[in-house]
Amino acid sequence: MAKIYDFESRTFDEYLLVPNYADKECSSENVSLRTPIVRYKKGEESPVNINIPLTSAVMQAVSDDTLAIALARQGGLSFIYSSQSIESQVEMIRKVKRFKSGLVVSDSNLTPQDTLEEILELKEKTGHSTVAITEDGSSNGKLLGLVTSRDYRVSRLDPNTPISEFMTPREKLVTAEEGISLSEANDIIWDNKLNQLPVLTKDGNLVGMVFRKDYREHKENPLELTDANKSLMVGAGINTRDYKERVPALVEAGADVLVIDSSNGFTEWQYETLRWVKEHYDGKVYCGAGNVVDEEGFRFLADAGADFIKVGIGGGSICITREQKGIGMGQATAVQIVSEARDKYLEETGEYIPLCSDGGIVYDNHMALALAMGSDFVMLGRYFARFDESPTRRMLYNGTYVKEYWGEGSNRARNWQRYDAVGKSGGMVFEEGVDSYVPYAGSLSVNVEQTTAKIKATMVACGSRTISEFQDKARLVRVSSASITEGGAHDVIRKNTEATRA
Ligand code: RVP
């Protein structure tokens, strides 16, 4: 007979946190939101951490290179969507890795024999006005000169003029040698009134550039998430079908963490994919898996070697899996059950597996609740889709600005690899996601700053300075529907009808 659980599954809105004692030292300035994202042994540190517990969903309407750069600069991590060709996903990863606040691999390079016309074309393509002139026109060739917009006047110079005639030659350039620190490079930039400093190997080959502007911006983004080479960090989605080709290409491009993107992770497909990644790379490539909602699903992926596990089925704002297939679990309950399973696994094996609460987060307080209930980080689709940096169009709809947002299981995404509803023709037989609009909300950095300030304030109210302390100390209470009404503004005539909770 079917097993029927004797509890109801619940959503975040049905819980509140109860404050704990907070001493004077427990203030927002002293709260760290740094959090582990891949498995580690008890007593050790996770090899990969993020500086704020926010990741962006593996979705076409959310995570491209532009959003990934903006989010990494605030300390979070994007997972670039996999419902695209391997080549275009790789290109997005490369763009994020190339964007460096410190040393930038030059993406605009020509030879001295090229012409002004080619400089102008390149500038148009990359949007960058500094071009490295190398012997072979590559980003790591012998540096022969530099061209910036100060070196030519388009109105005075024949477009066919060879670059050698107007570039600033190598001997007139101030350069630095490989190994220089970012702050030393910055001193040279200031002392010599430069806008950029080429960094060269001992043999004079170009390693990259340090830009004055980037250094300043880095100082303004103290939480910026970078790897050992000072490149921004970025994740990538993979699927269980073409992983043998996709994973090597993504790893080669520099993806820092992978995740198997699927609505249901409790499958032999995920097991095989995880084993392949782990064995092929000797455990050196990190890969998350999911999604699951119970202990059995968690154990299965943990034993298969998942580095983190995503929790949640059917809670996504654009997701109709529960309606279509009748599967899923209320998100808050799923997080609680899987967290308990994770803690049991830690007791038994001494390995901590970070959890990601994925889908169904509407308000900032839901993020705090997800963390309190045991998630180490959250994954957000709708939240990020609303910002300038998301890949979709901003439009005027019924008098307000909106952005488009569609599910990976919608016909629009045609991401049949994420779902099992594949027909004979290879298309989708039914949809598990909808195509929608979400209210436009401006820039990512402003919103993320506000969200993280709220999470910190919640943690302070619960007497916690770190996420793990928050998880240990949190005390939660279920609320009745009447007390939910009591929790919002009530029995007053609101002057401003805009929702203020988001
Ligand atoms: P939300 O943040 O509530 O918009 O949810 C985003 C999550 O929804 C994704 O990370 C993914 O797990 C899920 N999703 C994406 N597409 C679909 C679908 O089409 N059903 N669901």
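Whatever order the structure lists them in is the order used to number ligands and atoms, beginning at 1.
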For atom 9 (C) of ligand 1, which candidate among V438, V434, D358 holds the nearest heavy atom?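 The option holding the nearest heavy atom is D358.
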
Which of the numbered atoms in ligand 1 are under 4.0 angstrom from any heavy atom belonging to [X]?
| X | answer |
| --- | --- |
| S317 | 1 (P), 3 (O), 4 (O), 5 (O) |
| R382 | 1 (P), 2 (O), 4 (O) |
| L380 | 2 (O) |
| M59 | 9 (C), 15 (C), 16 (N) |
| G433 | 18 (C), 19 (O), 20 (N) |
| E432 | 18 (C), 19 (O), 20 (N) |
| G316 | 3 (O), 5 (O), 8 (O) |

Has Y405 got any heavy atom lying under 4.0 angstrom from an atom of ligand 1?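 In this structure, Y405 qualifies as a contact of ligand 1 - some heavy atom is under 4.0 Å.
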
Should G409 be counted as touching ligand 1, given the test is an N or O pair under 3.5 Å?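 So ligand 1 has an N or O lying under 3.5 Å from an N or O of G409.
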
Going by distance only, is there an N or O of C319 that falls short of 3.5 Å from an N or O of ligand 1?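 It does not: no N or O of C319 is found under 3.5 Å from an N or O of ligand 1.
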
Given 3.5 Å as the limit, does a donor-acceptor pair link the side chain of N239 with the main chain of D242, or not?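 Yes, because the side chain of N239 sits within donor-acceptor range (under 3.5 Å) of the backbone of D242.
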
When you look at CD of E348, are more than 12 heavy atoms from neighbouring residues, nucleotides or ligands closer to it than 6.0 Å?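 Result for CD/E348: enclosed.
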
Can you confirm whether E351 is buried at CD, in the sense that more than 12 heavy atoms of other residues, nucleotides or ligands lie under 6.0 Å from that atom?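 Yes, because the 6.0 Å sphere around CD of E351 holds more than 12 heavy atoms from other groups.
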
With no hydrogens and no angle check, do the side chains of K473 and N20 hold a donor and an acceptor under 3.5 Å apart?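 No, because no side-chain N or O of K473 sits under 3.5 Å from a partner of the opposite role on N20.
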
With F298, which residues qualify under ring pair (Phe, Tyr, Trp, His ring centres under 6.0 Å), at least two apart?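 With sequence neighbours excluded, F298 shows a ring pair (Phe, Tyr, Trp, His ring centres under 6.0 Å) to Y345, given in chain and number order.
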
Could you work out, with ring pair (Phe, Tyr, Trp, His ring centres under 6.0 Å) as the rule, every residue matching Y383, not counting sequence neighbours?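 Ring pair (Phe, Tyr, Trp, His ring centres under 6.0 Å) list for Y383, sorted by chain: F387.
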
For the pair Q331 and S357, evaluate side chain to side chain donor-acceptor pair (under 3.5 Å) and give the outcome as yes or no after the intermediate values. CA-CA 8 Å; Q331 187 65 14; S357 175; 3.0 Å; yes

Do R322 and I327 have side chains that get closer than 4.5 Å, going by heavy atoms?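 Not touching, per the 4.5 Å side-chain cut-off.
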
